[in-house]
**Student:** 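Here you go, one structure.
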Amino acid sequence: MAENERLQAVFERDEPAFIPYLAAGDPDYEASKAYVEALARGGADVIELGLPFSEPIAEGPTIQNAIVRALESGMTPDRFFEFVEELDVDVPLVCMTYYNLIYQYGSEDGPRPFVEKAADVGLTGLVVPDLPAEEAGPLRAACDEFGLDLVFIVAPTTEGERLERMREQVSGYVYVQARLGTTGARDDVSDQTDESLARIDDWDVPKAVGFGIKEGEHAARIVRAGADGIIVGSALVDIVADGAKSDDSVEAVAERLERKARELKDGALAGAADSEPRPERT
Amino acid sequence: MSDTHAGKFGPYGGQYVPEALMPAIEELTDAYERYVLNNEDGFMDEFQDRLRDFGGRPIPLQYAEQLSERYDTDVYLKREDLLHGGAHKLNNALGQVLLAKYMGKERIIAETGAGQHGTATAMAAAHLDMPCEIYMGKTDINRQRPNVFRMRLNGAEVNPVTVGRGTLKEAISETMRDWATTVENTHYVIGSVVGPAPFPQMVRDFQSVISEEARHQIEEQAGRLPDSVVACAGGGSNTMGAFANFVEDDGAERSSAEKSSGDEPRDRVDLIAVEAGGSSLAVDEESGVAPNSATLSTGHEGVLHGARTKLLQDSDGQIMESHSVSAGLDYAGVGPELAHLVDEGRVTPANVDDDAALEAFHRLSQEEGIIPALETAHAFAYLHENPDAVGDVTIVNVSGRGDKDLETVIEETEKRDLDVDVDMSIFEGAM
Ligand SMILES: Cc1ncc(COP(=O)(O)O)c(C=O)c1O
């Protein structure tokens with residue numbers, strides 16, 4: 001299985017990875033670039049960039065609205081690739097999108113042209129929430145060909161044979177869905193997180209937990225539970241949404257994002273400091 | 001049937017859903033095989049008993065005298081509008097709610113467009129004593145109000161969906177989100193032959209009672225099979241239900257084993273799926289709007305709501321906003337099996353526009369004493385425009401009745417200069 005070296009390097013370090021998400025183009029192209037760069041300054045180790053799709057069935061209202069704003073401001077797959085190329089950040093970027101956009105891209109049907117282009121602009125991996133392991137064969141093959149990681153989501157309901165099938169296909173990191181439902185910031189950390197982490201305790205691939213994380217406290221708690229990384233989307237998108245609503249300057253919103261990123265990253269680091277030394281990853 | 005393996009129909013079908021739902025879909029596949037395909041614990045017997053006693057089956061196949069004379073062809077009507085609830089939808093809803101009960105689920109959710117599937121699901125859930133929530137787009141709530149009240153009367157909660165245009169596509173997405181949260185105790189009763197496997201084949205199986213009955217009835221009444229079956233298609237559940245038992249009547253030479261027993265070639269029954277042509281077949285890529293729902297004729301292969309199928313989408317793969325005067329046909333996707341049967345040349349896709357559907361609505365009301373659903377009216381508009389394409393004997397599936405559409409019909413008729421005589425004064429005091 002192809003392992004993207006840049007992504008691998010992140011998890012080989014002896015500290016938990018902070019992985020923020022934003023929808024590319026939300027609320028518009030230029031502001032969005034500034035926001036992503038602010039996350040990098042705030043300590044992001046990997047950034048998940050959403051390529052907006054019109055029917056985001058795994059998304060709660062916060063990210064649905066972000067996607068609407070991004071689409072209305074003209075984001076398309078081609079613009080997205082330009083966006084990635086123009087970004088001035090030096091952390092690995094992972095694209096989060098839905099399968100139809102991957103399938104339709106380029107002149108032939110099938111995922112290969114999209115993956116080729118993604119590799120070409122420097123993306124390091126893909127997360128596709130509507131593509132379970134069963135249907136992932138062609139995309140897995142294209143990712144192997146072009147050296148991209150394909151991240152799978154382990155849900156609280158994933159057990160038994162399904163876990164095994166996923167274990168064979170996943171690379172980069174495994175996205176541990178912290179609770180049932182859709183994306184969205186929550187006020188607590190679900191107990192389902194610990195159960196999900198326990199189920200994949202012996203997997204070699206790094207485990208990043210997402211869905212609902214909102215505060216540094218949550219990040220610390222999840223790292224203490226054994227996560228190698230935390231993924232935060234809606235809590236950051238909320239800042240973008242508030243800024244767009246009150247017409248705040250791009251600089252002001254970027255600064256808020258950087259500060260929030262710092263809080264989450266520090267939370268994750270504090271969680272690591274409290275826990276047992278992390279096992280060597282080979 | 002044409003499902004080959006693992007819920008695929010040729011290149012179409014499959015299971016493109018979030019991982020959180022996959023275990024529930026595996027559980028459903030297992031329950032479908034045991035209870036529906038193998039009648040475990042007498043599930044199918046109970047289903048058929050309830051369809052009879054609660055639903056009112058069998059449903060008549062009626063010879064339509066006026067239409068037959070007008071089109072110089074023997075027109076038979078499969079009267080699914082007489083099924084309890086007023087549309088074919090109960091065949092599926094009752095089957096799935098009963099299945100949920102056998103599976104030990106405690107809660108029912110469903111999406112609805114025209115409100116017919118929501119109503120049928122609410123009725124089935126009340127009948128089988130299950131709590132029920134329905135998701136419905138705000139545009140559809142406004143244009144199908146009588147059904148909103150019917151659902152509430154049956155004790156269902158109706159949740160408005162306000163994103164996007166607020167029609168069937170958004171309602172399905174929102175129901176999937178509910179399901180991703182509540183999957184452990186909840187069954188999603190999907191309303192058409194769409195979604196991830198096993199839904200397309202399971203919904204078809206529950207609906208195929210339509211053609212099972214119709215096949216016997218036409219043999220008894222006309223002494224032969226029909227030359228064609230005509231049905232409207234949104235997702236395509238009444239369509240697949242009306243076609244299922246005729247799909248193999250493809251006019252092909254029989255296999256050598258069959259031939260040696262001296263059989264003639266099979267009869268040929270043409271299968272015609274009529275979609276909504278809306279106001280135009282043209283699309284506006286810039287604004288992402290297709291002013292129609294003619295997915296089978298104009299769509300392109302892609303992935304939506306759990307299945308690979310034909311879709312109305314722009315060149316990037318963003319799903320378009322569809323349009324039809326009839327809420328139940330207003331959808332950018334279509335069932336994967338229908339898409340496959342069209343590619344194979346077994347099903348003929350057709351479409352008629354909003355005006356033609358409204359005219360057919362009035363014509364059927366005036367001439368046959370049947371007020372059809374606007375969805376159903378599309379099938380009759382096809383017959384009107386193509387009387388020579390249906391052969392000597394045709395069955396039209398009357399998928400539902402039109403009570404729910406009266407407000408829309410009044411409004412839309414007033415706007416237009418239709419080719420049928422409608423005296424608008426008949427509506428005075430109606431609204
Ligand atoms: C009366 C009637 N006919 C047809 C349809 C379209 O659905 P399908 O294509 O699944 O039969 C609907 C949907 O609401 C309906 O209410």
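The chains referred to below are lettered A, B, ... by the order of the sequence lines, with proteins before strands, and numbering in each begins at 1.
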**Student:** Is P52(A) close to chain B through its backbone or its side chain, or both, or neither, when contacts mean heavy atoms under 4.5 Å?
**Tutor:** backbone
**Student:** Above 12 or not: heavy atoms from other molecules or residues under 6.0 Å from CD of E286(B)?
**Tutor:** no
**Student:** Is a salt bridge present between D178(B) and R107(B), judged by a nitrogen-to-oxygen distance below 4.0 Å?
**Tutor:** yes
**Student:** Is it true that K214(A) and D238(A) make a salt bridge, defined as a side-chain N closer than 4.0 Å to a carboxylate O?
**Tutor:** no
**Student:** So for I102(A), is it side chain, backbone, both, or neither that comes closer than 4.5 Å to the heavy atoms of chain B?
**Tutor:** neither
**Student:** Of the listed residues (T158(A), V154(A), V68(A)), which shares the most heavy-atom pairs with chain B below a 4.5 Å separation?
**Tutor:** T158(A)
**Student:** Considering only heavy atoms, which portion of E301(B) lies under 4.5 Å from any heavy atom of chain A: side chain, backbone, both, or neither?
**Tutor:** both
**Student:** Give, as side chain, backbone, both or neither, the part of I172(B) having an atom under 4.5 angstrom from any heavy atom of chain A.
**Tutor:** neither
**Student:** Evaluate the ring planes of F80(A) and F83(A), with Trp represented by its six-membered ring, and classify them as parallel (under 30°), tilted (30 to 60°) or perpendicular (over 60°).
**Tutor:** parallel
**Student:** Calculate, to the nearest 0.5 Å, the distance between atoms CD1 and NZ belonging to I319(B) and K169(B) respectively.
**Tutor:** 7.0 Å
**Student:** Just give me the residue among E170(B), E184(B), Q313(B) that pairs up with chain A most often, heavy atom to heavy atom, under 4.5 Å.
**Tutor:** Q313(B)
**Student:** Is it true that K105(B) and E27(B) make a salt bridge, defined as a side-chain N closer than 4.0 Å to a carboxylate O?
**Tutor:** yes
**Student:** Step through it carefully: locate the ring centre of F81(A), locate the ring centre of F114(A), and say whether they are under 6.0 Å apart.
**Tutor:** yes
**Student:** Salt-bridged, R79(A) to E82(A), with N to O below 4.0 Å?
**Tutor:** yes
**Student:** Give the interface residues of residues 125-135 of chain A toward chain B, defined by a heavy-atom separation under 4.5 Å.
**Tutor:** P129(A), D130(A), L131(A), P132(A), E134(A), E135(A)
**Student:** Ignoring hydrogens and angles, state whether a donor on the side chain of R179(A) or S196(A) is under 3.5 Å from an acceptor on the partner side chain.
**Tutor:** no
**Student:** Please look at E159(A) and chain B and tell me whether the side chain, the backbone, both or neither of the residue comes under 4.5 angstrom of a heavy atom of that chain.
**Tutor:** neither
**Student:** Relative to chain B, which segment of F53(A) carries a heavy atom at a distance below 4.5 Å: side chain, backbone, both, or neither?
**Tutor:** both
**Student:** Strictly by modelled atom types, are E59(A) and T183(A) linked by a side-chain donor-acceptor pair under 3.5 Å?
**Tutor:** yes
